[in-house]
Protein chains: 2
Amino acid sequence: MTDAPITHHTFTIDRVYPADAARVFLANSEYAAKRRWFAEGDGFEVLEYRLDFREGGLETARFIAPGGVHVTYDAVFRDIVPDKRIVATYEMSIEGTRISVSIATTELETVDGGTRLVFTEQGAYIGGEDQTGSREEGSRSLLEALGRELER
Amino acid sequence: MTDAPITHHTFTIDRVYPADAARVFLANSEYAAKRRWFAEGDGFEVLEYRLDFREGGLETARFIAPGGVHVTYDAVFRDIVPDKRIVATYEMSIEGTRISVSIATTELETVDGGTRLVFTEQGAYIGGEDQTGSREEGSRSLLEALGRELER
């Protein structure tokens, strides 16, 4: 907790995956699949990963990022429509200091060639440093990792 | 739960109150004061109001709005800096159907003549009907009620 200023920012990322909506939804809701693309990454050491995928259920990830920084991600699923959408709120902390409170909306739509995923993050970013660029970059990397998961 | 579309929208309301920041913060954190301006309103019947003002604590309001509609408000306090800011996430439901997931940020700043309050709502509004105007209007009414509370 600091009394640093808050920056409010929204961004949207739009991707089409060559997979049907049920497959994309499963990769977002099933423990082993989501852990693979969401928590496990090159250079990241996962200390804990939990997923209770239901409205009101929690998702928790604790990991050591490249460079040795401890990061925690704590989410609550708020609104789930199978194969259509997932709305979650989440907090991120670095070394025990909260850096953001966000709403993450994932919407799925069947299109020619597969499934269009629209990810919208609405964030309240805490602290003096501008996190908005790195958060969007991180989210893009995750959605690329989801693409690799869907090719398995 | 419906599969209606989601509208993402952010609005900010800026007010100056002729009271010091500690007084404005107290009106946002103390049960009796917050219940008066936030839950009790002309034509509203309060069925339940709970406030556990701490990070991770819950605020719950259930009421019958003018016209007989049952409304529930469920919030979690996420980030609190005394006399400075309050960040909460909340859901609203009407007749048991979730209509929104939001982040509400209240920031206080000492200025000439009192305290400037900046309220920022980042909302994911669920359902076909446009809620963005009515939510902003409702928030403005609440901040007017806070002004009356501060004149007590």
Side-chain angles (χ1 to χ4, degrees), chain A residues 1-14 21 25 54-56 58 72-93 96-110 116-127 132, chain B residues 1-14 21 25 54-56 58 72-93 96-110 116-127 132:
Chain A
M1 190 181 77
T2 71
D3 66 352
I6 291 191
T7 304
H8 298 93
H9 182 67
T10 299
F11 63 83
T12 298
I13 305 172
D14 199 314
F25 185 80
R54 59 183 174 83
E55 291 184 351
L58 308 182
T72 62
Y73 167 93
D74 286 294
V76 182
F77 294 106
R78 297 293 179 178
D79 194 79
I80 295 172
V81 181
D83 305 344
K84 295 262 174 96
R85 73 161 179 257
I86 302 162
V87 182
T89 54
Y90 76 89
E91 295 186 15
M92 291 273 288
S93 297
T97 298
R98 186 181 303 106
I99 62 164
S100 64
V101 178
S102 302
I103 304 171
T105 300
T106 300
E107 295 171 282
L108 305 179
E109 181 192 4
T110 298
R116 179 175 175 234
L117 184 154
V118 180
F119 176 82
T120 304
E121 155 124 356
Q122 298 166 281
Y125 303 102
I126 302 166
T132 57
Chain B
M1 190 181 77
T2 71
D3 65 353
I6 292 190
T7 304
H8 298 92
H9 183 66
T10 299
F11 63 83
T12 298
I13 304 172
D14 197 316
F25 186 80
R54 59 184 174 83
E55 291 185 349
L58 308 182
T72 63
Y73 167 93
D74 286 294
V76 182
F77 295 106
R78 297 292 180 179
D79 194 80
I80 295 171
V81 181
D83 305 345
K84 295 260 175 95
R85 73 163 180 256
I86 302 163
V87 181
T89 55
Y90 76 90
E91 296 187 13
M92 291 273 287
S93 297
T97 298
R98 187 181 302 106
I99 62 164
S100 64
V101 179
S102 303
I103 304 171
T105 301
T106 300
E107 294 171 282
L108 305 179
E109 180 191 6
T110 298
R116 179 174 175 235
L117 183 153
V118 181
F119 176 82
T120 304
E121 155 126 355
Q122 298 166 282
Y125 302 103
I126 302 166
T132 59

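Numbered from 1 within each chain, the chains take letters A, B, ... in sequence-line order. These values consider heavy atoms only, across backbone and side chains, with no hydrogens, waters or symmetry-generated copies.
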My understanding is that only residues two or more places apart in sequence, or in another chain, count here; which of them pass side chain to side chain donor-acceptor pair (under 3.5 Å) with A/Thr10?
none

Distance check, rounded to the nearest 0.5 Å: A/Ile6 atom CD1 versus B/Thr120 atom OG1?
8.5 Å

Run the side chain to side chain contact (heavy atoms under 4.5 Å, CB included) check on A/Ile126 and B/Arg85 step by step: do they pass?
CA-CA 11 Å; A/Ile126 302 166; B/Arg85 73 163 180 256; 3.3 Å; yes

Please evaluate residues B/Thr89 and A/Arg78 with respect to the criterion side chain to side chain contact (heavy atoms under 4.5 Å, CB included), reporting the C-alpha separation (whole Å), side-chain torsions for both, the decisive distance (0.1 Å), and the verdict.
CA-CA 11 Å; B/Thr89 55; A/Arg78 297 293 179 178; 3.8 Å; yes

Restricting to non-hydrogen atoms, name the atom on B/Gln122 and the atom on A/Gly123 that form the minimum distance, rounded to 0.1 Å.
NE2-O, 2.9 Å

Output side-chain donor-acceptor pairs under 3.5 Å for residues 101-110 of chain A, partner residues at least two apart or in another chain, one line each.
{"from": "A/Ser102", "atom 1": "OG", "to": "A/Glu121", "atom 2": "OE2", "distance (Å)": "2.8"}
{"from": "A/Thr105", "atom 1": "OG1", "to": "B/His8", "atom 2": "NE2", "distance (Å)": "2.9"}
{"from": "A/Glu109", "atom 1": "OE1", "to": "A/Arg116", "atom 2": "NH1", "distance (Å)": "3.0"}

